[in-house]
Amino acid sequence: MNDAEEAVTRAHRKEWARVVAALTKRFGDLDLAEEAAAEAFATAVERWPVDGVPPNPGAWLTTTANRRAIDRIRRENKRDDKQKEAQSMHHDDPPEPLGAIDDDRLRLIFTCCHPALAVEARVALTLRMVGGLTVPEIARAFLVAESAVGQRITRAKAKIKAARIPYRVPSAEDLPSRVTGVLTVLYLVFNEGYLATGPDTDPVRQDLTTEAIRLTRLIRALLPDNGEVAGLLALMLLIEARRPARVSAGGELVALDEQDRGAWDTALIAEGHRLVRERLATGQPPGRYQVLAAINAVHTSARDIRDTDWSQVVALYDQLVRLDASPIVALNRAIAVAELDGPEVALAAVDRLDGALAGYHAYHVTRADLLRRLGRSQQSREAYDKAIELAGNSAEVAYLTRRRDQLG
Amino acid sequence: MRYLVSVIGDRENPGSADRRPAISEFNERLMAEGYWVFAGGLADTDTATVVDNRGEQAVFSDGPFTESKEYLAGVWVWEVPDLDVALKLASEASKVCDRKIEVRPFL
C-alpha cells in the first residue's frame, strides 16, 4: 500500500462517522449523508495519489462530501423539491444543552440504535453509518445475503425518516436505558466476532471484535463518566486479550483452563484492569458489564488456572444474578461453583436450567464436562453429542468432538 | 408530526374492563399539553361492515375485514414533535388502557 492509499484507509477509520454525522445534522437525511460521504472517500482514493494527501484530511473529506450532497440536492430539487422537503429528517434545533456529550457522532449512534428499530437493523445500520463497513462486509460478517443487509439498512433509514425518529442525544432521563441499547448492539457485534457462527467462517472474526472495540472506545471518549460504557470496554479488552491463545494451530477451540497464558496480550489486560480499578474507585454500584468485566479481571489476573480466585468469581456471579437473573448467568455461575464446591453441586444447579436452556449449546457443553468429571461417561457422551449438534462455531465443534472421543 | 395511535384488543388476553376514568384523565392531559387531535373507542368488530364497490355493484359483507385474535379497539391521533415523544406517551397509554398500543406515522 502506498502512502496515499494508507492515508485514505486511516482517514476512513478516523473520519467516516464524523463526516456522516456532520452531514446528517446539516441536511437532515441519513441517505444523503451516507452517499455523499461514500462519494467523498471515493474521490479521495482518486485524487490523493495524484494531488497529494491534504494537510487536514478530515476537513477535506467533510468539505468534499458537503459539495457532493449539495450537488445531489440540486439535481433532486429540479425533480421534486416539495416532496423532498416533506420527507427531510427532523432534528431539534438548537440542540439540547448537553455540553461535552453533544457530539454529532453520538446523535448518529443513538439514532442508529433507536429502540423502535429491529435489533438486526440496529446492528447493520450502526456498522454501516458509524463503523463505515460496506454492505458486502456486513453481509459476510453475519453470513447473510448482501440483498438482505441492504434491505435492512434501507428499511431502517426509511422508518427513521417516515416515523420521524429524532436525530439527537436522548434526554438525561432517558439516557441510561438508551445507552444500554447502544451497548447491546456493540456487544452483539463483539460476540459474533469472538465466537463466529458458520461452518466456513473463521472461528474468531478479528475484524468484528476490533470494530466493536473501536466503536466502544468512541462511545467511551464521548461518555467518559458512564460506568457501563467503561465496563463494556474493559470486558471486551479482557476477552480480546485472550484471543491469541483461544484457537490452536489445528483450528480447535482452546478452553480457558488449557490456554497458554503466556500468549495473552498483556497490554490489553493492563488496560482492562485499569478500567475495572477505575470503576471500583468510584464506589458507585456496578452494572452488568462492569461485573462481567470484574469477573474477567479475576481470570486474567491468574498466571495459572490453579491460581484463579474462584470464591471471588462466584461472589461476582452472585452480584450479577441480582442484576440479571437470566438462566445463562445461572449457567455461568454454576461453572464457577464447580471449581469451588465440586462438579456434583454444580451439576445439580445446571440440571435445574434444563427447561430454559435445552436448546443452548453451552448448557450441554457444561453438562458434558461436569458429567465427565463425575465419571458418568455414557451421559457425558450424550451431552457432548447434543452440544456438537447445536454448536455453530467450527473450532468449538472440533474441540467438543475431541473431548467426546477421549471419553473412556 | 401526526401519528395514529391504535389500541390493540386481544380476545385471548383481554385487559381490565373499566379503564374509562383513567383514559378520560389521560385525554385531558393530552389536550392540556397540545398533543390531542382526536380520540375514539370502537364498538366490537362484530358490528363492522365491509363495503367493496370495485366491481359492478357494491357488495356489503357482515363482519371485520380480517378475523384475528387481535383487533383495533380504539384510536387516537396525536400531534407531537417526533417519535420519541409519541413512544413516551404511548408507553403511558398502554398502562392507562391496559392494552398494547401501535404507533404509526401519517404520511
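Sequence lines set the chain letters: A, B, ... in the order given, protein chains first and strands last, and positions in each chain run from 1.
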### Task
Looking only at non-hydrogen atoms, find the nearest pair between Ala33(A) and Leu23(A) and report the distance.
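What the structure gives for the nearest pair is CB-CB, 3.7 Å.
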
### Query
What parts of residues 99-107 of chain B touch chain A if we use heavy atoms and a cut-off under 4.5 Å?
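Interface residues of residues 99-107 of chain B: Pro105(B).
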
### Query
For chain A, which residues of residues 1-19 of chain B have at least one non-hydrogen atom nearer than 4.5 Å to it?
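Under the 4.5 Å heavy-atom cut-off, Met1(B), Tyr3(B) qualify.
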
### Query
Is any side-chain N of the basic residue among Arg178(A) and Asp84(B) closer than 4.0 Å to the acidic one's carboxylate O?
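Looking at Asp84(B) together with Arg178(A), the answer is yes, because their closest N to O distance falls below 4.0 Å.
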
### Query
Is the closest basic N to carboxylate O distance between Arg18(A) and Glu15(A) below 4.0 Å?
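Glu15(A) and Arg18(A): salt-bridged.
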
### Task
Any chance you could measure Ile109(A), atom CD1, to Leu186(A), atom CG, to the nearest 0.5 Å?
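Output value for this atom pair is 7.5 Å.
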
### Query
Roughly how far apart are Tyr360(A) OH and Leu353(A) CG, rounded to 0.5 Å?
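If I round to the nearest 0.5 Å, the distance is 11.5 Å.
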
### Task
List for me each residue that meets salt bridge (Lys or Arg N to Asp or Glu O under 4.0 Å) alongside Asp225(A), sequence neighbours excluded, and say none if there are none.
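Salt bridge (Lys or Arg N to Asp or Glu O under 4.0 Å) list for Asp225(A), sorted by chain: empty.
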
### Query
So which pairs with a foot in residues 42-65 of chain B pass ring-ring contact (aromatic ring centres under 6.0 Å, His included), sequence neighbours left out?
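Pairs touching residues 42-65 of chain B that pass the test: none.
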
### Task
May I ask you to test the Leu117(A)-Ile165(A) pair for a side-chain heavy-atom distance under 4.5 Å?
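Answer yes - side chains close enough.
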
### Task
Kindly say whether Ala37(A) contributes a backbone atom to a donor-acceptor pair with the side chain of Arg68(A) at under 3.5 angstrom?
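A pair under 3.5 Å: no.
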
